[in-house]
Undergrad: 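Below is one structure. I have some questions about it.
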Amino acid sequence: MKKELDTRYDPKNVEDRLYANWLTAGHFHAKVDEGKTPYTIMIPPPNITGQLHIGHALNNTLIDILIRTKRMQGYNALWMPGTDHAAIATEVKIVEDMAKDGVSKLDLGRDGFMERAWGWYDKYGSTIINQLHKLGCSCDWERTRFTMDEGLSDAVLEVFVRLHKKGFIYRGERLINWCTQCQTTISDAEVEHEEKQAGFWHFKYPVKDMPDTFVQFATTRPETMLGDVAIAVNPNDERYTHLVGKIAIMPILDREIPIIADDYVKIDFGTGMVKITPAHDFNDFEIGQRHNLPLINIMNDDGTINENGGCYEGLDRYDTRKRIITEFEEHGLFVKKEDIVNAVGEHDRCGSVVEPLIKLQWFVAMETLAKPALDAYRNEKLRVVPSRFGKVYAHWLENIRDWCISRQLWWGHRIPAYYCDCGEIAVAKTTPDKCSKCGNANLVQDEDSLDTWFSSALWPFSTLGWPKETEELKYFYPTNVLCTAPDILFFWVIRMVFSGLEFTDQLPFKDVFLHGLVRDEQGRKMSKSAGNGIDPLDYVERYGADALRFSLIVGNSAGGDLRLYDDKVEQARNFLNKIWNSARFIMMNLGDTPPNADIEDLTAADRWIISLANKMAADVTQNIDNYELGVAADKVYSFMWDEFCDWYIEMAKPRLYNAEDPTRDAALWTLTYVLKTGLKLLHPFIPFITDEIYTTLGSDASIMVSEWPKYDENYNFAAEETEIEHVKEAVRAIRNARANMNVPPSRKAKVFVVTGDLALRDIFKSCDKYIMALASASEVAVQPSKAGIDDNAVSIVIPSAEIFMPFAELVDIEKEKARLAKEIEKLEKEVGRVTAKLNNTCFTDKAPANVVEEEKEKERKYKEMLAAVEQQLRALK
RNA sequence: GGGCAAUUAGCUCAGCUGGUAGAGCACAUCCUUGACGUGGAUGGGGUCAGCGGUUCGACUCCGUUAUUGCCCACCA
């Protein structure tokens, strides 16, 4: 049944309706099916705290393109969705929310807090997931998982216990990064270093029993002097050899500290003397270990000074800094302040300055685990796209340090360690009945929870049921590709790789496909604080999901950042409208029965466009396989708009408008066939409009379960491709000449096409109606010579022919002469260039034969054209 | 301090394995032709950042400089 479409495409009438249809039809759901090859992608689980932002939109559009393509190609495509509990990010939000009600964590207690947190989860946990529907994401929603699900939590416990058993998880007192704001430890990856202007204060300490002798040093953190336990110099520093072994006095506390020698100290930096504070600096910690120095912790968890700071106890760290400087000044022990640029570690969540503190924490020993992850990359088992990020991946693994996994938070997986009064620690998935050593039944579980990335590291297999050996796990795992932004390469990607290798003996994915950041029109990073964030749903509202998706993809390369703004989305919207109208046009001309045509019935134009579509299908498929999605989108875009709409449809019109035309059905068949091919290739990018058109065209089933176009040698028409190129060339030349003379399209002209080549004459004759339709010609005469053509006719030379248009009354002879002269100049230049190249024996000797042959052909052609134009110029009176 | 990118038309960006540069927007002229003015036709505009090198030939490979951006890093 023939249907009419509106003149404009309105996504509002389409998107929600189709999405509901897809859900009802169950097209997103992937079941284990040994008869099909699985293709799996795990969603990078969004935090339950947030709203969908433009980065999610890009990420999930990319994934959806891959998934939809593979699904159409016949793979059993599973896109597993889910969310991340995002320990600290969520806990901070919940605490803020509680504060509005005047309630604190301590008020509620652990159980009360968790209850409230789950309430938060119930309320907001699905926000982003639901917003993904709007984008058209074809996730298998029936399989939605959450990192704190029962199954995933079980996986976390299993992993913790196994790693502990193997000795990879240990508990120890180490220097860790402490956030005084969030009051928790954080991992190295969570510390951001930013270069900032900082003070660099120089002080001196007196030396015991050596009047008028001082040790002078500098620090960016004077408050840590309260924890100084030594002064170090380089053992080869002759200036200070006599001081090594002596005792310096830390004046405020009257603490006696040794002067030691250590290679770490650089002789030529500063005074060559360094204060050593093992409890508050990573380097100093190591030096302390080497020299058996005590650890003096001077700081409370909230950043105030503790009892070890003498009279500074209770004072904030920065107030202490100021006071200490003043106090040293008063004692004449302050030397000077320098302004330097220094990289200070800040917590990536809250931005407050991180303090290295000594704490008893849980760690994962990384050295052994990292090795296979590194090997997988080096042996090219793991492919990183774009490849440059592979180096970043490798560099991180080569320099990896142990991973601090305990967090002083409640929202998360509680560490399965149980303490007995006797000192015994049990690590087990469930609370042990009694202590295995002393039999005491009163075991107390560790208060801390795990780093949020500990659970997301297991995501590719925990979501499929691991540690249970489910059939889903066997079938869908390992996944095919992990698609995400490079900023979580260290946090997440690397940890999934080593976890996968350790627990499943397989890489969790074969490819890592990394994309860039979405920026605003000025190229700034989008952020809430800058107020330049774009709500993707706003674009969906204004232009539709397809337009947003397409604007995020077209013209972008893998890993590259992209700017997004209205113009771009409008461009995409216009493209959708173009597609829509091409379909509308075709449907208007379609009869009640579907058009039918055999290959023999097809004209050159039909074969030409079919051949292009055929090649494009192969090209685009390859681009998608290589994650060159921007290139793929670009190719279909210009095919559909330039070749199909602007050329083919226009060529088909005269045939459609003539009911008697014997090739009318062939044209209709071709139009439908090529449109469908284009729609299919576009469907992964713009799922809604393509399905709407496809089904309106008469298909009962959604395009998303149709077959992906494949290259078909039967549809390769090389000869017709060049034939139509000749015709296009002629049309362009005529249009060009007419535009030059300002001849309106309404004024038709007779066109003479002159060529000595019989085959070319046949082509032009058979395509005369195209030239008439496309180049405003009233009549096309194809002939072997110029016989009968007025000398003053406008003449144009193209490689395949000479074209004449008798426009005598319109032609300004002088202008025409000038135009031809310019043409001659252009051709002479070409001839000169090609001839020079061919006269160069280096070129003819060394260049491949086909290249030389091509150049010779060009030379012949240009010379021929030049001669023709020269003759025309002479002919003008 | 290292590492990695980018530098192509006025603007935003494509350009795979080396063979005389492309798109969108903007601009100019024209067209209300029976799908679309969210359209069509034609045109102007680039020594592909600079300098060296490899090559018959380089936007494309190598080196180097400059500018910009990102990542990593315990120099007190």
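Chain naming here is simple, since letters A, B, ... match the order of the sequence lines and numbering starts at 1 in each. Only a predicted model underlies this, so the values are computations on that prediction, with no experimental measurement involved.
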Undergrad: Among A:F491, A:F490, A:Y377, find the one that has a ring-ring contact (aromatic ring centres under 6.0 Å, His included) with A:W396.
TA: A:F490
Undergrad: Taking protein heavy atoms under 4.0 Å as touching, what does nucleotides 7-21 of chain B look like 5' to 3' if B marks base contact, S marks sugar-phosphate-only contact and - marks none?
TA: -----SSSS---BB-
Undergrad: Keeping A:W201 on the side-chain end and A:F334 on the backbone end, is there a donor-acceptor pair under 3.5 Å?
TA: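 Not at all, since once roles are kept as given, no pair shorter than 3.5 Å links the two residues.
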Undergrad: When the aromatic ring centroids of A:H515 and A:F513 are compared, is their separation below 6.0 Å?
TA: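 Here the rings of A:F513 and A:H515 have centres that are no less than 6.0 Å from each other.
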Undergrad: Parallel, tilted or perpendicular: which fits the ring planes of A:Y205 and A:F328, with parallel below 30° and perpendicular above 60°?
TA: tilted
Undergrad: With a non-hydrogen cut-off below 4.0 angstrom, is A:F490 in contact with a base, only sugar-phosphate, or nothing?
TA: sugar-phosphate
Undergrad: Tell me every residue that passes salt bridge (charged side-chain N to carboxylate O under 4.0 Å, His left out) with A:K391, counting only those two or more places apart in sequence or in another chain.
TA: none
Undergrad: Rounded to the nearest angstrom, tell me the gap between atom CG in A:L552 and atom P in B:G24.
TA: 20 Å
Undergrad: Is the ring pair A:F585/A:Y657 parallel, tilted or perpendicular, if the boundaries are 30 and 60 degrees?
TA: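 If you compare the ring of A:F585 with that of A:Y657, the planes turn out perpendicular.
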Undergrad: In residues 769-776 of chain A, what residues come within less than 4.0 Å of RNA chain B, judged by heavy atoms?
TA: none
Undergrad: If you count every heavy atom of other residues, nucleotides or ligands that lies below 6.0 Å from A:E825 atom CD, does the total exceed 12?
TA: no
Undergrad: For A:D566, answer base if it contacts any base atom (sugar-phosphate contacts may also be present), sugar-phosphate if it contacts only those atoms, and nothing otherwise; contact means non-hydrogen atoms under 4.0 Å.
TA: nothing
Undergrad: When the P atoms of B:G50 and B:A66 are compared, how many Å lie between them, rounded to an integer?
TA: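 It works out to 16 Å between them.
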Undergrad: Which one of A:N283, A:T219, A:D228 satisfies the side-chain hydrogen bond (donor to acceptor under 3.5 Å, both in side chains) criterion with A:T277?
TA: A:D228
Undergrad: Among the nucleotides B:C4, B:C75, B:C72, which one has an atom lying closest to any side-chain atom of A:K391?
TA: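 Selected nucleotide: B:C4.
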Undergrad: Under 3.5 Å, is there a donor-acceptor pair between the A:K863 and A:T835 side chains?
TA: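 The criterion, which ignores hydrogens and geometry beyond distance, is not satisfied for A:T835 and A:K863.
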Undergrad: Work out how far the C1' atom of B:A21 is from that of B:G45, and round it to whole angstrom.
TA: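 Straight-line distance between the two C1' atoms is 13 Å.
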Undergrad: Taking only distance into account, with no hydrogens and no angle test, what donor-acceptor pairs under 3.5 Å do side-chain atoms of residues 629-638 of chain A form with protein atoms, sequence neighbours excluded?
TA:
residue	atom	partner	partner atom	Å
A:K635	NZ	A:N623	OD1	2.7
A:S638	OG	A:D634	O	3.1
A:S638	OG	A:K635	O	3.4

Undergrad: Roughly how many Å is it from NZ in A:K728 to P in B:A41, rounded to a whole number?
TA: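 Nearest whole value for this atom pair: 11 Å.
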Undergrad: Measure the distance from CD1 on A:I267 to C1' on B:A76 and round it to the nearest whole Å.
TA: 15 Å
Undergrad: For A:E853 and B:C56, give me the distance from atom CD to atom C1', rounded to whole Å.
TA: 16 Å
Undergrad: What's the CG-P distance between A:D642 and B:G24, to the nearest Å?
TA: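 So the two atoms are 7 Å apart, to the nearest Å.
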Undergrad: What is the separation between atom CZ on A:R819 and atom C1' on B:G43, rounded to the nearest whole Å?
TA: 14 Å
Undergrad: Checking the side chain of A:R738 only, and the main-chain atoms of A:P744 only, is there a donor and an acceptor separated by less than 3.5 Å?
TA: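 Present.
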Undergrad: For atom C1', what is the distance between B:C59 and B:C48, given to the nearest Å?
TA: 5 Å
Undergrad: What's the gap between B:A9 and B:C27 when it is taken at their C1' atoms, as a whole Å value?
TA: 12 Å
Undergrad: A:R735: which residues meet the side-chain hydrogen bond (donor to acceptor under 3.5 Å, both in side chains) condition with it, sequence neighbours left out?
TA: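 For A:R735, no residue satisfies side-chain hydrogen bond (donor to acceptor under 3.5 Å, both in side chains) once neighbours in sequence are set aside.
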Undergrad: State which of B:G24, B:C75, B:A73 makes the closest approach to the side chain of A:Y637.
TA: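 Shortest atom-to-atom distance from the side chain points to B:G24.
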Undergrad: What pairs with A:D10 under salt bridge (charged side-chain N to carboxylate O under 4.0 Å, His left out), at least two apart in sequence or on another chain?
TA: none
Undergrad: Rounding to the closest angstrom, what is the interatomic distance between B:G24 and B:G15 at atom C1'?
TA: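 Per the computed distance, 15 Å lies between those C1' atoms.
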Undergrad: Would you please confirm or rule out a distance under 4.0 Å between OP1 or OP2 of B:C70 and any side-chain N or O of A:R388?
TA: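 For B:C70, neither OP1 nor OP2 has a side-chain N or O of A:R388 closer than 4.0 Å.
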Undergrad: So which of residues 275-288 of chain A are in contact with RNA chain B, with a heavy-atom cut-off of under 4.0 Å?
TA: A:N283
Undergrad: Determine the interatomic distance between P on B:U38 and the same-named atom on B:C25; round to the nearest Å.
TA: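 Taking atom P in both B:U38 and B:C25, they lie 12 Å apart.
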Undergrad: Expressed in angstrom and rounded to an integer, what is the separation of A:R519 atom CZ from B:G69 atom P?
TA: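 It is 10 Å, rounded to the nearest whole Å.
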Undergrad: Test side chain to side chain contact (heavy atoms under 4.5 Å, CB included) on A:R584 and A:N581; report intermediate values, then the result.
TA: CA-CA 5 Å; A:R584 195 167 89 92; A:N581 271 289; 3.1 Å; yes
Undergrad: I'd like the P distance from B:A26 over to B:C16, given in whole Å.
TA: 28 Å
Undergrad: Using the C1' atom as the point on both nucleotides, what is the distance between B:A76 and B:U8, in whole Å?
TA: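 Here B:U8 and B:A76 have their C1' atoms 46 Å from each other.
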Undergrad: Mind calculating the distance between CZ (A:F389) and C1' (B:C70) to the nearest angstrom?
TA: 8 Å
Undergrad: Take A:R833 and A:E830 through the test salt bridge (charged side-chain N to carboxylate O under 4.0 Å, His left out) and record every step on the way to the result.
TA: CA-CA 5 Å; A:R833 201 181 47 74; A:E830 294 299 329; 3.4 Å; yes
Undergrad: side-chain hydrogen bond (donor to acceptor under 3.5 Å, both in side chains): which pairs involve residues 640-650 of chain A, sequence neighbours left out?
TA: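 Qualifying pairs, neighbours excluded: A:D606-A:Y648, A:E643-A:K728, A:E650-A:K653.
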Undergrad: Applying salt bridge (charged side-chain N to carboxylate O under 4.0 Å, His left out), can you list everything that pairs with A:D567, at least two apart in sequence or on another chain?
TA: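 Once residues adjacent in sequence are excluded, A:D567 has no partner under the salt bridge (charged side-chain N to carboxylate O under 4.0 Å, His left out) criterion.
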Undergrad: Tell me the stems RNA chain B sits in, counting at least three consecutive Watson-Crick or G-U wobble pairs, each under 3.5 Å on both distances.
TA: B:1-7 with B:66-72, B:10-13 with B:22-25, B:27-31 with B:39-43, B:49-53 with B:61-65
Undergrad: With RNA chain B as reference, determine whether A:C842 or A:G270 sits nearer its 5' end, using the nearest nucleotide of each.
TA: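 On the 5' side of the pair lies A:C842.
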Undergrad: State which residues pass salt bridge (charged side-chain N to carboxylate O under 4.0 Å, His left out) with A:E853; sequence neighbours excluded, sorted by chain then number.
TA: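 A:E853 satisfies salt bridge (charged side-chain N to carboxylate O under 4.0 Å, His left out) with no other residue.
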Undergrad: Going 5' to 3' along nucleotides 29-40 of chain B, which nucleotides have protein heavy atoms under 4.0 Å from the base (write B), which only from the sugar-phosphate (write S), and which from neither (write -)?
TA: S-S---BB-BSS
